[in-house]
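Only one structure is covered here, and it is reproduced in the block below.
When a ligand or atom number is given, it counts from 1 through the structure's own listing order. In this chain, numbering begins with 1 at the start of the sequence shown.
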Amino acid sequence: MSEKFQAVVIGGGPGGYVCAIRLAQLGLKTACIESRGSLGGTCLNVGCIPSKSLLNLSEEFHNVKNLSKKGIEVGDVRLNLNKMMKNKDKAVTVLTKGVEFLLKKNNVSYFKGIGSFKSKTEIAVKDKENNETIINSEKIIIATGSVPVSLPGIDFDEKTIVSSSGALKLEKVPKKMVVVGGGYIGLEMGSVWSRLGADVHVVEFLDHITPGMDKEISSEFMKILKKQGLNFHMQHKVDKISKNESGAIVSTIDKDGIKKDFECEVVLVSVGRKPNTKGLNLEKIGVRLDNKNRIKTDKNFKTNQDNIYAIGDVIEGPMLAHKAEDEGIAVAENIAGQSGHVNYDTIPGVIYTTPEVASIGKTEEQLIEANIKYKIGKFSFMANSRAKAIDDTEGFVKILADEKTDKVLGAHLIGPHAGELIGEIGIAMEFGASSEDIARTCHAHPTFSEAVKEAALSVDKRAIHS
Ligand SMILES: Cc1cc2nc3c(=O)[nH]c(=O)nc-3n(C[C@H](O)[C@H](O)[C@H](O)COP(=O)(O)OP(=O)(O)OC[C@H]3O[C@@H](n4cnc5c(N)ncnc54)[C@H](O)[C@@H]3O)c2cc1C
């Protein structure tokens with residue numbers, strides 16, 4: 001059986017399904033192929049959504065347990081992990097079904113199965129029963145995402161040695177958990193299990209967590225996480241992980257060559273993700289990869305083959321769902337003859353711990369390296385009335401603006417609702433705003449967003465409340 005389309009997207013993650021919907025909106029006969037059996041990709045199935053569900057529920061558990069400190073007696077608070085996991089699964093199901101509905105509503109044909117290139121214009125889709133359908137298409141967009149990587153010689157069994165996917169479905173709270181890697185996924189999952197009662201130890205090769213983040217924010221972040229009970233072992237290289245009857249032993253060597261073993265029930269290896277091009281048969285059609293095995297594209301997301309494009313985690317750039325989505329829209333518009341574009345200078349990054357951490361644009365370290373003169377405005381949530389009112393005062397807002405033009409170059413936040421607050425700075429940066437533009441915008445009182453306004457005022461040393 002062979003079917004003909006104008007555009008086919010391989011992968012139904014946030015890059016792929018958004019791209020397919022936009023292509024269909026623009027009038028192209030479109031199909032989307034997804035192998036996992038449900039749409040939404042890593043993000044909805046084993047990433048953003050289940051992790052945020054558990055972050056929220058574990059935070060509620062932690063907060064309720066501590067309510068008596070604020071004068072609210074709730075009695076005995078107990079955890080029902082099984083129910084919590086079901087709640088998380090329900091959120092995933094509702095959202096993945098929602099995407100299926102959206103594809104239908106937009107007349108996108110959904111093929112369940114593994115897609116691989118038969119030729120430059122033909123994709124073979126193999127379903128669970130090994131039935132093959134051939135799809136013919138003028139344009140093909142690869143959006144096959146990424147998969148977790150482990151350390152050399154260490155395999156995930158998803159019970160004792162787990163990737164983020166395993167860490168999202170543990171059946172009981174481990175007494176002790178080692179998180180290898182101090183990136184955002186490890187810290188989010190470490191926070192979840194720590195709040196639920198695990199003794200969490202983060203083992204990190206570098207001397208700081210969250211590489212690439214503004215250093216001032218990253219060290220404040222680590223201080224706060226330590227206060228919450230997470231243990232950090234910096235400049236420790238994992239040598240090997242061996243399993244025993246009670247779990248695993250993580251053997252490390254620190255920067256001075258001192259060996260240390262960490263015994264634990266569960267070890268989460270969270271050292272990064274790699275682009276997923278497995279089984280696509282790219283060699284056959286000559287699609288080129290870069291030196292990190294990502295699909296190489298030009299600024300219009302076109303590969304070295306004229307009718308084949310790639311977006312999302314499988315190409316260069318931050319592995320983030322909103323980056324993949326924006327690329328999906330841009331490539332669809334380019335294919336339809338419009339001028340799709342992604343501004344990589346204004347892609348926010350958020351860590352959904354408590355407090356949240358959010359950043360956009362350049363870090364102070366990047367500005368120094370690029371020899372760009374800048375001004376800094378900072379404002380602490382300690383002096384924000386809303387934060388004071390609800391006793392949630394950790395963190396600060398930091399805005400970096402060009403020394404001469406005052407144009408906002410970057411912003412870095414740690415504090416309550418930082419992930420929401422970063423939105424206004426994104427819009428400001430898209431419009432080329434100055435810090436004065438933010439400072440002169442009326443912000444409602446009492447809100448956390450007043451901390452953004454005050455940080456903008458502080459760029460020219462005229463903050464009112466500090
Ligand atoms: C624990 C965790 C938490 C995260 N939290 C966040 C967050 O809070 N915010 C954020 O922005 N990002 C987050 N991410 C990252 C985010 O999930 C990814 O950046 C995003 O999903 C990438 O989208 P994508 O469409 O490029 O690829 P994916 O979402 O990986 O989707 C690709 C899809 O293609 C399918 N596929 C692969 N090969 C084939 C084939 N040959 N045929 C058919 N289908 C195929 C796969 O099954 C997959 O469903 C998180 C990731 C993890 C692991």
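- Lys215 and Glu364 are not joined by a salt bridge, as no carboxylate oxygen comes within less than 4.0 angstrom of a charged side-chain nitrogen.
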Inventory of protein N or O atoms under 3.5 Å from ligand 1 N or O:
| unit_1 | atom_1 | unit_2 | atom_2 | d |
| --- | --- | --- | --- | --- |
| ligand 1 | 5 (N) | Lys52 | NZ | 3.2 |
| ligand 1 | 8 (O) | Lys52 | NZ | 2.6 |
| ligand 1 | 11 (O) | Ala321 | N | 2.8 |
| ligand 1 | 11 (O) | His322 | ND1 | 3.3 |
| ligand 1 | 12 (N) | Ala321 | N | 3.4 |
| ligand 1 | 14 (N) | Tyr184 | OH | 3.1 |
| ligand 1 | 17 (O) | Cys43 | N | 3.4 |
| ligand 1 | 19 (O) | Asp313 | OD1 | 2.9 |
| ligand 1 | 19 (O) | Asp313 | OD2 | 3.2 |
| ligand 1 | 19 (O) | Met319 | O | 3.3 |
| ligand 1 | 19 (O) | Leu320 | N | 3.2 |
| ligand 1 | 19 (O) | Ala321 | N | 3.4 |
| ligand 1 | 21 (O) | Cys43 | N | 3.3 |
| ligand 1 | 25 (O) | Pro14 | N | 3.4 |
| ligand 1 | 25 (O) | Gly15 | N | 2.9 |
| ligand 1 | 26 (O) | Asp313 | N | 2.9 |
| ligand 1 | 29 (O) | Thr42 | N | 2.9 |
| ligand 1 | 30 (O) | Thr42 | OG1 | 2.6 |
| ligand 1 | 41 (N) | Gly115 | O | 3.0 |
| ligand 1 | 42 (N) | Gly115 | N | 2.9 |
| ligand 1 | 44 (N) | Ser35 | N | 3.2 |
| ligand 1 | 44 (N) | Ser35 | OG | 3.4 |
| ligand 1 | 47 (O) | Glu34 | OE2 | 2.7 |
| ligand 1 | 47 (O) | Ser35 | OG | 3.4 |
| ligand 1 | 49 (O) | Glu34 | OE1 | 2.8 |
| ligand 1 | 49 (O) | Glu34 | OE2 | 3.0 |
| ligand 1 | 49 (O) | Arg36 | NE | 3.0 |
| ligand 1 | 49 (O) | Arg36 | NH2 | 3.3 |

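- Looking at residues two or more places apart in sequence or on another chain, you find a side-chain hydrogen bond (donor to acceptor under 3.5 Å, both in side chains) between His233 and His201.
- Of the possible polar contacts, none joining the Asp207 side chain to the Gln235 backbone as a donor-acceptor pair under 3.5 Å is found.
- Residues forming a side-chain hydrogen bond (donor to acceptor under 3.5 Å, both in side chains) with Thr42 (at least two apart in sequence, or on another chain): Arg273.
- Side chains of Gln305 and Lys120: a donor-acceptor N/O pair is present below 3.5 angstrom, by distance only.
- A search for side-chain hydrogen bond (donor to acceptor under 3.5 Å, both in side chains) contacts involving Glu450 returns His445, not counting sequence neighbours.
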